[in-house]
S.K.: 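Take a look at this one; I'll ask things after.
Keep in mind that what you see is a predicted model, and the values were worked out from it rather than measured.
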Amino acid sequence: MVSALWGAPWIRVCLAYFASGFNTAAVDHEADGSTNNGIFQISSRRWCRNLTPHVPNMCQMYCSDLLNPNLKDTVICAMKITQEPQGLGYWEAWRHHCQGKDLTDWVDGCDF
């Protein structure tokens, strides 16, 4: 069901807006040295590799790959995250701003 949810464009638009303000190059530095990267602010603690050795790197990519305006790698990684038990709940931005809300207005007028 999570993958089906991820397919709805308004979900990605809401998440991208509240996670990064649609900034594909956004990097948020955490106190522990980890980073949140790209338009969906994907964490280096588990999902990508930065300069910190011995991280799980579940998306099998460098965090810098998530900063590319070509969102292919970012979307692939985000889809892996949504397949985890926490699903979209992984993102604080989703939980606080998007979850449980009617998001269809985010794409009103768009032709998909």
Side-chain angles (χ1 to χ4, degrees):
M1 177 159 166
V2 172
S3 294
L5 280 175
W6 181 254
W10 50 85
I11 289 173
R12 295 186 301 270
V13 172
C14 184
L15 179 59
Y17 176 77
F18 285 108
S20 70
F22 300 120
N23 182 357
T24 59
V27 178
D28 179 42
H29 296 270
E30 298 293 336
D32 67 358
S34 67
T35 56
N36 298 311
N37 305 276
I39 197 167
F40 296 125
Q41 291 293 277
I42 296 172
S43 177
S44 67
R45 285 187 197 119
R46 181 168 182 197
W47 299 104
C48 62
R49 182 178 181 170
N50 60 17
L51 300 176
T52 307
H54 312 296
V55 295
N57 193 8
M58 301 293 288
C59 288
Q60 304 217 346
M61 62 182 64
Y62 287 99
C63 296
S64 60
D65 295 340
L66 300 169
L67 308 179
N68 190 329
N70 177 335
L71 298 177
K72 181 181 175 186
D73 289 336
T74 301
V75 169
I76 289 169
C77 184
M79 288 176 69
K80 286 181 184 180
I81 295 169
T82 63
Q83 292 169 359
E84 292 291 310
Q86 197 175 1
L88 288 164
Y90 160 80
W91 284 279
E92 185 176 327
W94 169 260
R95 293 189 315 271
H96 290 244
H97 301 287
C98 308
Q99 186 175 25
K101 298 191 170 81
D102 179 4
L103 303 175
T104 55
D105 285 347
W106 283 89
V107 293
D108 190 33
C110 296
D111 185 23
F112 293 102

S.K.: Could you measure the distance from the CZ atom of Arg49 to the NE2 atom of His54? Nearest 0.5 Å is fine.
M.R.: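 The distance works out to 8.5 Å.
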S.K.: Would a 4.5 Å heavy-atom cut-off, applied to side chains only, mark Leu67 and Val27 as touching?
M.R.: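 Result yes, sub-4.5 Å side-chain heavy-atom pair found.
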S.K.: Which is it for Ile81 and Met79 under the side chain to side chain contact (heavy atoms under 4.5 Å, CB included) test, yes or no, and what are the steps along the way?
M.R.: CA-CA 5 Å; Ile81 295 169; Met79 288 176 69; over 6 Å; no
S.K.: Do Cys48 and Cys63 have their SG atoms less than 2.5 Å apart?
M.R.: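 Yes; the two sulfurs sit under 2.5 Å apart.
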S.K.: Does the separation of the ring centres of Tyr17 and Trp106 fall below 6.0 angstrom?
M.R.: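 Yes; Trp106 has its ring centre under 6.0 Å from that of Tyr17.
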S.K.: May I ask you to test the Pro9-Arg12 pair for a side-chain heavy-atom distance under 4.5 Å?
M.R.: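 Pro9 vs Arg12: side chains touch.
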S.K.: When you measure from the side chain of Asp65 to the backbone N and O of Tyr62, does any donor-acceptor pair fall under 3.5 Å?
M.R.: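 Pair found, side chain donor or acceptor close to backbone of Tyr62.
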S.K.: Kindly say whether Thr35 contributes a backbone atom to a donor-acceptor pair with the side chain of Ser44 at under 3.5 angstrom?
M.R.: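 Yes, because the side chain of Ser44 sits within donor-acceptor range (under 3.5 Å) of the backbone of Thr35.
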S.K.: Nearest 0.5 Å please: distance from the CE atom of Met61 over to the CG atom of Asn68.
M.R.: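 The distance works out to 10.5 Å.
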S.K.: Checking side chain to side chain contact (heavy atoms under 4.5 Å, CB included) for the pair Ile39/Leu71: CA distance, chi angles, key distance, verdict?
M.R.: CA-CA 9 Å; Ile39 197 167; Leu71 298 177; 3.9 Å; yes
S.K.: Ignoring hydrogens, what is the shortest heavy-atom contact between Gly33 and Asn50? Give both atom names and the distance.
M.R.: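 The answer is O-ND2, 4.2 Å.
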S.K.: Taking it one step at a time, do Asp32 and Arg45 satisfy side chain to side chain contact (heavy atoms under 4.5 Å, CB included)?
M.R.: CA-CA 9 Å; Asp32 67 358; Arg45 285 187 197 119; 2.8 Å; yes
S.K.: Just how far is it from atom CG of Leu66 to atom CG of Asn36, taken to the nearest 0.5 Å?
M.R.: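 Going from the CG atom of Leu66 to the CG atom of Asn36 covers 10.5 Å.
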S.K.: Kindly indicate whether the side chain of Phe22, heavy atoms from C-beta on, has any atom under 4.5 Å from the side chain of Val13.
M.R.: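 Sidechains of Val13 and Phe22: in contact.
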S.K.: Applying side chain to side chain donor-acceptor pair (under 3.5 Å) to Gln41 and Asp28, what does each step give before you reach the verdict?
M.R.: CA-CA 8 Å; Gln41 291 293 277; Asp28 179 42; over 6 Å; no
S.K.: So, do Cys59 and Ile76 sit near enough that their side-chain heavy atoms are less than 4.5 Å apart?
M.R.: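 With C-beta onward as the side chain, the pair stays apart.
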S.K.: Is the side chain of Asn57 donor-acceptor paired with the backbone N or O of Gln60 at a distance under 3.5 Å, no angle test?
M.R.: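 Between the backbone of Gln60 and the side chain of Asn57 there is a qualifying donor-acceptor contact (under 3.5 Å).
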S.K.: Do Leu88 and Gln99 have side chains that approach each other closer than 4.5 Å (heavy atoms only, starting at C-beta)?
M.R.: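 Heavy-atom side-chain distance check fails, nothing below 4.5 Å.
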S.K.: Before you tell me yes or no, could you show the steps for Tyr90 and Ser43 under side chain to side chain contact (heavy atoms under 4.5 Å, CB included), namely the whole-Å CA-CA distance, both residues' side-chain angles and the distance that decides it to 0.1 Å?
M.R.: CA-CA 10 Å; Tyr90 160 80; Ser43 177; 3.2 Å; yes
S.K.: For the side chain of Trp91 and the backbone of Phe40, is there at least one donor-acceptor N/O pair under 3.5 Å apart?
M.R.: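 Yes: the side chain of Trp91 pairs with the backbone of Phe40.
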S.K.: Check whether any side-chain N or O of Gln86 sits under 3.5 Å from a backbone N or O of Gly89 as a donor-acceptor pair, and report yes or no.
M.R.: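 Such a contact is found between Gln86 side chain and Gly89 backbone.
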S.K.: Please report the interatomic distance CG(Asn37) to OG1(Thr24), rounded to the nearest 0.5 Å.
M.R.: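 It is 12.0 Å, given to the nearest 0.5 Å.
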S.K.: Treating Ser20 as the side-chain partner and Ala16 as the backbone partner, does any N or O pair qualify as donor plus acceptor under 3.5 Å?
M.R.: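 Indeed, once roles are kept as given, a pair shorter than 3.5 Å links the two residues.
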